[in-house]
2 protein chains.
Amino acid sequence: MDRTLSEEAYAKHLNEARKLLYDYLPLTDEQWEVFKQGFKIRKYHKGDFILNGGETEHFLSIVITGCTRHYIIVKGEEKSFDFSFQHEFNCSYSSFIQQEPSRFFIQALEDCVLASIHYDFLQQLYLHYPGSNKFGRTAVEQYYIWREQREISLMIDSAQERYLRLMEKYPIYLEQVPLKYLASYLNIKPESLSRIRKKLFEER
Amino acid sequence: MDRTLSEEAYAKHLNEARKLLYDYLPLTDEQWEVFKQGFKIRKYHKGDFILNGGETEHFLSIVITGCTRHYIIVKGEEKSFDFSFQHEFNCSYSSFIQQEPSRFFIQALEDCVLASIHYDFLQQLYLHYPGSNKFGRTAVEQYYIWREQREISLMIDSAQERYLRLMEKYPIYLEQVPLKYLASYLNIKPESLSRIRKKLFEER
DNA sequence: TTATCTTCTTAACATAGGTCAATTTCTGGC
DNA sequence: GCCAGAAATTGACCTATGTTAAGAAGATAA
């Protein structure tokens with residue numbers, strides 16, 4: 001991991017983080033001065049591990065640039081579970097919540113810059129700034145809704161429907177995620193994804 | 001729905017709710033006096049609908065007695081998504097969070113008594129009692145972890161593994177949930193569940 | 001208790017997606 | 001630009017689960 005960043009670049013990234021947070025947590029300049037102490041800008045190269053399975057997740061991050069893949073390993077095989085794209089949160093959330101070892105690996109799919117809040121700092125915030133509790137709650141709520149939709153889709157849609165829906169609603173997946181990871185995210189094998197894509201292509 | 005309850009019974013149920021909440025939100029007697037204003041004890045008969053699809057979920061409830069089933073309807077078919085047993089939360093959570101129409105139906109599997117907090121009251125609490133924010137956050141966090149585990153299980157386990165795991169960790173499902181609902185929860189058809197059960201039975 | 005309706009089980013057959021193996025296309029380092 | 005390794009595709013075959021239909025077992029109401 002290359003952490004070398006000019007002071008200006010660092011400040012610029014922090015400012016972006018503030019903007020992205022704004023919807024959850026609008027802060028006065030004064031409040032921000034406190035808040036930003038808790039942020040750490042982290043930079044990764046493509047392929048780097050942001051979190052290893054078995055490690056505890058200490059950071060709730062915002063992806064300033066790049067994107068990440070979250071996966072578990074089952075019987076020696078990687079199962080892609082989630083991706084975080086630019087301007088989204090990135091966190092092994094259940095590990096973060098419980099401060100227990102993560103089942104997930106998180107890897108940089110591209111070069112990445114993350115703005116990360118440390119768990120301990122967030123707990124301090126919760127204690128001293130009641131308003132920040134709302135931020136914590138809202139963040140999990142968004143996560144929850146996302147999980148629920150995925151679960152419904154896994155239950156009721158065929159692989160082809162899952163693929164089509166994803167392409168329609170979030171074409172960024174096709175643009176930024178290699179097909180083998182996408183297949184795994186759709187809960188099928190790369191060969192099956194190929195077949196589905198071929199069929200769709202031939203049908204039009 | 002039969003709401004007739006003696007005053008003593010009502011008070012007793014409220015007290016149970018307080019006890020069950022304690023882990024999330026320990027309250028002094030004084031605080032409880034405020035808090036309990038927001039609770040409503042609701043009673044249902046087996047088969048009653050606690051929430052209909054399309055309605056907005058206004059209550060976050062605790063199941064005092066009984067159990068409930070949450071399902072969606074897809075192409076005319078019911079898909080069981082979740083159950084709430086005695087002493088657990090019961091809520092169409094994403095509808096509650098967003099105060100938008102619920103995709104889920106919630107039905108009483110047995111006669112039920114619920115202690116329910118109204119959405120508006122909870123928002124007031126969040127405003128006036130910073131501590132209650134933590135309650136809200138913790139509740140969603142628990143929900144989140146549950147959803148994540150289910151999603152992982154749907155992705156990596158075979159139907160038989162899902163059945164075995166459920167029996168081992170939560171035998172209450174087999175005790176309280178009719179097989180056709182259980183099948184749907186495991187994301188298979190009743191016929192497949194029958195086959196799996198038969199096979200497991202013959203193997204021992 | 002009997003009659004009726006629902007749930008559960010079984011069996012024969014169909015299909016989506018998995019597995020394995022070979023081939024083609026893409027990609028990154030020299 | 002060339003080459004090696006990785007990613008993606010294709011085809012033949014396999015398996016778990018779905019589908020349909022029938023009957024058995026349980027539940028409910030008169």
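Numbered from 1 within each chain, the chains take letters A, B, ... in sequence-line order.
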From A:His118 atom NE2 to A:Phe96 atom CZ, the distance as rounded to the nearest 0.5 Å = 8.5 Å
Atom of A:Val177, atom of A:Leu109 and distance for their closest heavy-atom approach = CG2-CD1, 4.1 Å
From D:dT28, C:dT19, C:dT9, nucleotide with atom closest to B:Arg197 side chain | C:dT9
The helix from C:dT1-D:dA30 to C:dC30-D:dG1: angle between terminal helix axes, five bp per end, to the nearest 10 degrees, reads 60°
Between atom NZ in B:Lys198 and atom C1' in C:dT7, what is the gap in whole Å?
-> 18 Å
Indicate whether OP1 or OP2 belonging to C:dT9 is found under 4.0 Å from a side-chain N or O atom of B:Ser194.
-> yes
Rounded to the nearest angstrom, tell me the gap between atom CG in A:Leu182 and atom C1' in D:dT9.
-> 15 Å
Check: A:Arg195 side chain, C:dG18 base, donor-acceptor under 3.5 Å = yes
OP1 or OP2 of D:dA7 under 4.0 Å from side-chain N/O of A:Lys180 = yes
Are the aromatic rings of A:Phe121 and A:Phe39 close, with centres under 6.0 Å apart?
-> no
Could you check how far CE of A:Met155 sits from C1' of D:dT17, rounded to whole Å?
-> 15 Å
Between NZ of A:Lys46 and P of C:dT27 the distance, given in whole Å, is 9 Å
Would you find a donor on one side and an acceptor on the other, under 3.5 Å apart, between the side chain of A:Asp48 and the backbone of A:His45?
-> yes
With the side chain of B:Lys189 defined as its heavy atoms from C-beta on, choose the nearest nucleotide among C:dC8, D:dG18, D:dT9.
-> D:dG18
Atom CG of B:Leu186 and atom P of D:dG18 are separated, to the nearest Å, by 11 Å
Among C:dT19, D:dA8, D:dT17, the one nearest any side-chain atom of B:Ser158 is D:dT17
Could you state the CD1-P distance from A:Ile196 to D:dT10, rounded to the nearest angstrom?
-> 13 Å
Would you kindly give the CG-to-C1' distance between A:Leu179 and C:dT27, to the nearest whole Å?
-> 14 Å
Among D:dG18, C:dT19, C:dG17, which nucleotide sits nearest the side chain of A:Ser192?
-> C:dG17
What is the distance from CG of B:Leu109 to C1' of D:dA27, rounded to the nearest Å?
-> 16 Å
CZ on B:Arg69 to OG on B:Ser184, rounded to 0.5 Å = 7.0 Å
For A:Gln160 and for B:Leu193, find the nucleotide of DNA chain C with the closest heavy atom, then tell me which residue's nucleotide is more 5'.
-> B:Leu193
Minimum heavy-atom separation for A:Gly54 to A:Pro101, with atom names?
-> O-CB, 3.2 Å
Begin from the C-alpha positions of A:Ser116 and A:Ser61 and carry the test side chain to side chain donor-acceptor pair (under 3.5 Å) through to its verdict.
-> CA-CA 4 Å; A:Ser116 307; A:Ser61 305; 2.7 Å; yes
D:dT9, D:dT19, C:dG18: which one has an atom nearest the side-chain heavy atoms of A:Ile188?
-> C:dG18
